[in-house]
Amino acid sequence: MSFKLHKFLGVLMPTALCRHFTTGFLSALVLLMIFSGFSTHNQFLQDSDHISASSSLDYLEIIGPEGSVRADESVPLDLRWHDRNGNNQSVLLPLSNWTAENGNFIVNGSHVEWLPTLVGTWEISVHAEGEQATIEVTVVNGSIAMVWIDAEYEELSADDETNLVLQAEDSRGNRWQISAEWSTVEAEVSSNLVTDSSGTRFVAELAGQWNIDAVHHHSDGDLNASIMIEVTPGSLIRIELPTDGTTVSTDEAINLAPVLSDADGNTIDDITLNWTVNGDDLTQEIVMAGNIWQPEETGDFLIEAEAEGRVARARMYVVQGQPHRVVIETDLTTPTATASGV
């Protein structure tokens with residue numbers, strides 16, 4: 001079977017079929033073939049193995065794009081069929097004859113288009129009659145579809161820091177870092193945002209929730225993103241007992257009011273202290289009472305609070321409280337009378 005390029009349909013088809021076509025007329029046989037599924041190039045060449053050796057295929061050639069392509073664009077591929085006589089023409093083979101390392105193929109009119117997905121350099125191949133053609137196409141990022149701030153940590157302690165990067169993403173899911181101008185919404189932490197040759201980072205000091213903004217200046221307009229960083233208190237550094245040096249009475253229930261803080265002065269509330277009074281362990285009594293100590297005796301007392309290797313001491317002097325009852329002790333005796341001159 002020989003093949004011929006039909007002038008009316010513009011497709012490669014068996015020569016015998018060409019005789020059934022005349023100007024302005026399609027024979028009943030051709031109509032039957034069209035409605036039976038042979039209406040496109042892809043259907044005429046349902047499988048490249050059906051093209052016999054009489055087509056004189058020498059080699060296939062894919063004419064692809066010049067230079068790189070964007071990940072979000074379609075790439076037209078012109079497949080050239082070179083015969084042994086030196087002639088060549090564009091042909092349309094079934095999609096099953098095409099392969100690519102990523103992406104998909106579609107038919108667009110008289111040619112195949114490749115829809116890339118991932119950034120990189122990828123091979124595209126097509127085969128027919130035992131011949132194969134291959135090209136390489138380099139794919140770069142597509143247009144920016146969205147931006148966001150990528151933080152190494154979104155919750156960190158006051159002893160730590162987090163790196164910040166403004167990321168862009170195209171419609172195919174490719175992501176890359178873009179330049180940005182950084183700022184904080186809250187002025188009190190503006191100095192904690194540091195940008196140098198190694199990048200941008202937020203150095204945590206004050207506990208709280210802090211909002212960070214990034215702006216990327218683009219030819220189509222500025223792109224903005226925000227993130228909230230939560231800073232919790234760091235490791236325990238200091239314990240303070242404000243009752244040190246005070247004088248109290250046995251009538252008082254003393255709130256020892258310990259103050260726990262980290263290196264940046266953030267108050268820590270979730271640490272339980274161990275308590276001793278003059279060397280006696282009173283942890284259970286004081287903790288269960290909410291850090292309240294009720295002295296029962298007078299004198300000098302040394303109170304110690306300890307947690308995570310940190311210790312605080314307070315000396316307190318306890319005096320007698322107000323009397324709650326009065327006890328009168330008397331010694332009533334009957335006086336003895338001595339008569340004289342008896």
Side-chain angles (χ1 to χ4, degrees), residues 41-42 45 47-49 57-82 88 90-154 162-182 195-201 214-227:
H41 295 121
N42 189 30
L45 303 178
D47 191 298
S48 63
D49 294 335
L57 172 63
D58 187 13
Y59 66 93
L60 297 170
E61 178 189 11
I62 303 173
I63 300 177
E66 295 183 2
S68 60
V69 299
R70 302 177 73 92
D72 51 7
E73 66 177 301
S74 59
V75 182
L77 301 173
D78 181 14
L79 178 60
R80 307 294 295 181
W81 183 288
H82 292 261
N88 74 87
S90 296
V91 295
L92 179 64
L93 292 181
L95 297 184
S96 58
N97 288 60
W98 292 85
T99 58
E101 293 178 305
N102 90 87
N104 299 292
F105 295 98
I106 61 171
V107 174
N108 186 358
S110 61
H111 64 273
V112 168
E113 292 186 357
W114 177 53
L115 303 179
T117 301
L118 302 178
V119 169
T121 300
W122 311 104
E123 285 191 354
I124 300 173
S125 300
V126 64
H127 67 88
E129 292 191 359
E131 298 293 333
Q132 178 172 301
T134 300
I135 63 170
E136 286 189 345
V137 178
T138 298
V139 180
V140 297
N141 296 313
S143 300
I144 297 176
M146 61 178 295
V147 296
W148 78 98
I149 297 174
D150 185 10
E152 186 178 5
Y153 308 104
E154 293 186 28
T162 181
N163 294 319
L164 301 172
V165 173
L166 185 61
Q167 293 274 17
E169 182 173 338
D170 62 24
S171 60
R172 304 298 191 195
N174 298 295
R175 300 175 177 179
W176 66 99
Q177 180 178 343
I178 57 177
S179 61
E181 291 183 1
W182 298 88
T195 299
D196 53 26
S197 59
S198 61
T200 299
R201 62 189 182 275
V215 179
H216 173 72
H217 299 296
H218 193 267
S219 58
D220 295 330
D222 290 348
L223 302 173
N224 301 273
S226 300
I227 193 173

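Sequential numbering from 1 along the given sequence is applied to the chain's residues.
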Go through it in stages, so that I can follow the logic: the residues are D222 and H217, the test is side chain to side chain donor-acceptor pair (under 3.5 Å), and I'd like the CA-CA distance, side-chain angles, deciding distance and then a yes or no.
CA-CA 5 Å; D222 290 348; H217 299 296; 2.9 Å; yes
Checking L95 against N97 for the side chain to side chain contact (heavy atoms under 4.5 Å, CB included) test, could you report, in this order, the C-alpha distance in whole Å, the side-chain angles of both residues, the deciding distance, and whether it holds?
CA-CA 5 Å; L95 297 184; N97 288 60; over 6 Å; no
So V112 and L92, side chain to side chain contact (heavy atoms under 4.5 Å, CB included) or not? Walk me through it.
CA-CA 7 Å; V112 168; L92 179 64; 3.6 Å; yes
Starting from the C-alpha separation in whole Å, work towards a yes-or-no answer on side chain to side chain contact (heavy atoms under 4.5 Å, CB included) for I124 and F105.
CA-CA 10 Å; I124 300 173; F105 295 98; 3.9 Å; yes
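Between L77 and L79 there is no side-chain heavy-atom pair separated by less than 4.5 Å. Counting heavy atoms from C-beta on, the side chains of P65 and V137 come closer than 4.5 Å. With a 4.5 Å cut-off on side-chain heavy atoms, W182 and L166 count as touching. Within the 4.5 Å cutoff, no side-chain heavy atoms of T200 are placed close to those of V165. Side chains of W81 and E129 form a contact here, defined as non-hydrogen atoms less than 4.5 Å apart.
Rounded to the nearest 0.5 angstrom, R80 CZ and N88 CG are separated by 4.0 Å. Within the model, atoms OG1 of T134 and CD of E61 stand 12.5 Å from one another, a figure rounded to the nearest 0.5 Å.
Evaluation of the side-chain hydrogen bond (donor to acceptor under 3.5 Å, both in side chains) test over residues 135-153, restricted to residues two or more places apart or in two chains, returns T121-T138, E152-N163.
Of all heavy-atom pairs between H127 and L93, the closest is O-CD1, 3.8 Å. Nearest heavy atoms, A214 versus I149: CB-CD1, 3.9 Å. Contact detail for G103 and T117: the closest heavy-atom pair is CA-OG1, 3.6 Å. Scanning all heavy atoms of the two residues, the minimum distance from D72 to S171 falls at CB-OG, 3.4 Å. The two residues L60 and V126 come nearest to each other via the heavy atoms CD1-O, 4.2 Å. The two residues W176 and D170 make their nearest non-hydrogen contact at CZ3-N, 3.7 Å.
E131 contributes no side-chain N or O that, together with a main-chain N or O of A128, makes up a donor-acceptor pair within less than 3.5 Å. Of the possible polar contacts, none joining the N104 side chain to the P116 backbone as a donor-acceptor pair under 3.5 Å is found. Not one N or O on the side chain of H111 forms a donor-acceptor pair closer than 3.5 Å with the backbone of P76. Not a single donor-acceptor pair under 3.5 Å links the side chain of R175 to the backbone N or O of E169. With N102 contributing its side chain and L118 its backbone, the two residues share a donor-acceptor pair below 3.5 Å. Side-chain atoms of E101 come within 3.5 Å of backbone atoms of E123 as a donor-acceptor pair (strictly under, hydrogens ignored).
A salt bridge links D196 and R201; the closest N-O separation between the charged side-chain nitrogens and carboxylate oxygens is under 4.0 Å.
Taking the six-membered ring where tryptophan is involved, the planes of H82 and Y59 are essentially parallel, since the angle between them stays under 30° and well short of 60°.
For W122, there are no ring pair (Phe, Tyr, Trp, His ring centres under 6.0 Å) partners at least two apart in sequence or on another chain.
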